[in-house]
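Position 1 is the first residue of the sequence, and the numbers go up from there.
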Amino acid sequence: MDFSRLTTIFRFIIIGIVYIIIFYALSIMYKDIKSGGKKKTTRKKAFAIEVVEAGENSILKRDGIIPIHGELTIGRRASNMLVLDDQFVSGNHARIFIKNTDNMIEDLGSTNGTEVNGERLEERVILKVGDEIKIGSALFKVIG
């Protein structure tokens, strides 16, 4: 068995592997340069409600913006994310949440109800930018 011939074959194999690694690294660099170094990320749209009228709530300020990240519970109880001190708001009044790609609102069985664009909620409703939400004496507008 000729070891010099075997060593030559292994040298070519090692050189081939090095060239493959270099080629792979250059292709990754080329893709980065081509895309401007920016990663492709899907950006979530900002979703929030704006206070149009504070009503009897001393906590709210007109034109204040309340961002919604996943879910926002609204009511008089301290366990809610947005606590309103309005006599027309129930302990657990309403819930605004994101389901898949839709922004939803539901009334949680409140006494005085929740209105979207002047209509009382009977079931979950998809919110759109510009919709007006009335909870107790407060009026909110969906912004995005």
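- For I66 against L82, the heavy-atom pair with the smallest separation is CD1-CD2, 3.8 Å.
- By the criterion of side-chain heavy atoms lying less than 4.5 angstrom apart, applied directly or through intervening Ile, Leu, Val, Met, Phe, Trp or Tyr residues, I49 is grouped together with M81 in one hydrophobic cluster.
- Ion pairing between R62 and E53 fails under the 4.0 Å rule for side-chain N and carboxylate O.
- Using a distance-only test at 3.5 Å, with no hydrogens or angles considered, a donor-acceptor pair links the side chain of N117 to the main chain of E132.
- N100 contributes atom CG, which lies 10.0 Å from atom CD1 of I126 (distance to the nearest 0.5 angstrom).
- The pair E106-R95 meets the salt-bridge criterion, with a side-chain N (NZ, NE, NH1 or NH2) lying under 4.0 Å from an Asp/Glu carboxylate O.
- In this structure, H93 and R76 have side chains that are not in contact, with every pair of non-hydrogen atoms separated by 4.5 Å or more.
- Taken from CD1 in I143 to CD1 in I68, the straight-line distance is 9.0 Å, to the nearest 0.5 Å.
- Across all non-hydrogen atoms, the minimal contact from V89 to G136 is CG2-CA, 3.9 Å.
- No more than 12 heavy atoms of other residues, nucleotides or ligands sit less than 6.0 Å from atom CD of E119.
- In this structure, D102 contributes its side chain and L127 its backbone to no donor-acceptor pair below 3.5 Å.
- Nearest heavy-atom pair across A54 and A138 is O-CB, 3.9 Å.
- Within the 3.5 Å criterion, the main-chain N or O of K128 finds no donor-acceptor partner in the side chain of N103.
- Hydrophobic clustering keeps Y19 apart from F10 (ILVMFWY residues linked when any side-chain heavy atoms are closer than 4.5 Å, directly or through intermediates).
- Using a 4.5 Å cut-off on side-chain heavy atoms (C-beta onward), L139 and I133 make no contact.
- Applying the side-chain contact (heavy atoms from CB on, under 4.5 Å) rule to L121 yields the partners I105, D107, T114, V116, V125; only residues at least two apart in sequence or on another chain are considered.
- At least one side-chain heavy atom of N92 sits under 4.5 Å from a side-chain heavy atom of S79.
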